[in-house]
Amino acid sequence: MKVEICSFTGYKIYPSRGRLFVRSDSRIFRFIDSKTESLFHQGKNPRKIAWTTVFRRQHKKGISEEVAKKRTRRAVKSNRGFVGADWQAIKAKRSEKPEVRAAARAQAIKKAKEERKKAAAEKKTSAPAHQQQKFSKMQSRGAQTKVKPTSR
């Protein structure tokens with residue numbers, strides 16, 4: 001025995017009961033009675049009609065209390081370190097006062113600037129010793145160089 005479901009109400013349709021409607025796009029709609037067929041053809045929304053299964057499911061009607069209230073599991077937060085910093089080091093940094101953190105940051109910036117200055121000075125002193133005149137690829141192959149104008 002094949003039991004169909006009403007396209008509008010969601011009720012069960014037993015054999016030799018109901019009506020069938022085939023739309024022009026070949027979609028089949030089964031209705032339990034002429035009332036539901038009429039409501040469907042009027043363009044009524046079954047979600048807004050209180051006695052339909054869709055409405056009752058949407059508004060949580062007739063569901064037993066045990067099923068309705070599912071317990072949700074809360075994620076337990078755990079603090080742990082990661083590569084390069086253990087948990088104690090992270091906690092120590094968090095509990096640091098903002099003034100101490102600002103002073104450490106200023107010191108780190110100062111140190112980085114000094115290193116950059118030192119590197120730039122080394123670069124300046126070593127650069128002219130082995131620097132040669134720059135040629136383009138075409139000039140190295142024998143192309144003539146453009147004469148730069150002396151006046152505009």
Side-chain angles (χ1 to χ4, degrees), residues 2-13 20-31 36-37 39-152:
K2 183 147 167 91
V3 178
E4 303 289 346
I5 303 285
C6 178
S7 300
F8 190 81
T9 61
Y11 292 169
K12 289 179 184 174
I13 305 172
L20 189 81
F21 169 66
V22 182
R23 204 161 52 187
S24 58
D25 65 353
S26 301
R27 175 112 191 265
I28 298 170
F29 296 95
R30 297 176 192 278
F31 304 107
T36 56
E37 187 181 20
L39 289 167
F40 174 81
H41 288 304
Q42 288 173 45
K44 301 288 184 193
N45 189 349
R47 288 177 188 84
K48 293 184 178 178
I49 297 174
W51 52 268
T52 61
T53 309
V54 186
F55 177 93
R56 292 183 67 77
R57 197 175 294 137
Q58 189 177 12
H59 292 86
K60 296 178 177 62
K61 305 288 182 189
I63 302 169
S64 62
E65 289 177 34
E66 306 92 49
V67 179
K69 293 185 179 179
K70 286 185 181 177
R71 285 188 176 176
T72 54
R73 289 187 63 160
R74 291 259 168 129
V76 179
K77 287 187 179 180
S78 62
N79 297 317
R80 59 182 184 187
F82 49 87
V83 178
D86 61 327
W87 178 236
Q88 277 72 27
I90 295 168
K91 264 173 53 176
K93 274 201 173 156
R94 277 189 188 167
S95 61
E96 235 174 35
K97 285 194 165 65
E99 298 87 32
V100 176
R101 194 177 294 139
R105 183 189 157 117
Q107 190 177 2
I109 290 170
K110 191 176 179 183
K111 184 180 174 186
K113 279 185 181 177
E114 284 175 9
E115 284 179 10
R116 206 176 298 130
K117 239 183 213 176
K118 198 183 287 181
E122 281 181 29
K123 201 174 186 182
K124 268 188 183 177
T125 56
S126 64
H130 70 280
Q131 191 176 11
Q132 297 175 352
Q133 191 175 2
K134 290 185 180 177
F135 289 108
S136 69
K137 212 184 252 185
M138 293 305 290
Q139 286 174 335
S140 65
R141 291 184 183 156
Q144 290 184 350
T145 56
K146 285 185 180 177
V147 180
K148 290 185 179 176
T150 53
S151 64
R152 290 246 164 202

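Remember, it's a predicted structure, so these values are computed and weren't measured experimentally.
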For the student: nearest non-hydrogen atoms of [X] and [Y], plus distance:
X: T53; Y: T9; result: OG1-O, 2.8 Å
X: A50; Y: F55; result: O-CD2, 3.1 Å
X: I5; Y: I13; result: C-CD1, 4.0 Å
X: R101; Y: R94; result: NH2-O, 3.8 Å

Quick check on R47: does its CZ atom have over 12 non-hydrogen neighbours (other residues, nucleotides or ligands) under 6.0 Å away?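 Open.
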
_Over 12 non-hydrogen atoms of neighbours within 6.0 angstrom of CD in Q107_ =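 At most 12 heavy atoms, drawn from other residues, nucleotides or ligands, come within 6.0 Å of this atom.
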
Inter-residue atom distance [X].[atom1] - [Y].[atom2], 0.5 Å rounding:
X: K44; Y: T52; atom1: NZ; atom2: OG1; result: 13.0 Å
X: K123; Y: R116; atom1: NZ; atom2: CZ; result: 12.5 Å
X: T36; Y: R30; atom1: OG1; atom2: CZ; result: 13.0 Å
X: H41; Y: F8; atom1: NE2; atom2: CZ; result: 11.0 Å

With no hydrogens and no angle check, is any side-chain donor or acceptor of S7 less than 3.5 Å from a backbone partner on F31?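 Absent.
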
Check the pair R23 / D25 against salt bridge (charged side-chain N to carboxylate O under 4.0 Å, His left out), numbers first and verdict last. CA-CA 5 Å; R23 204 161 52 187; D25 65 353; 3.3 Å; yes

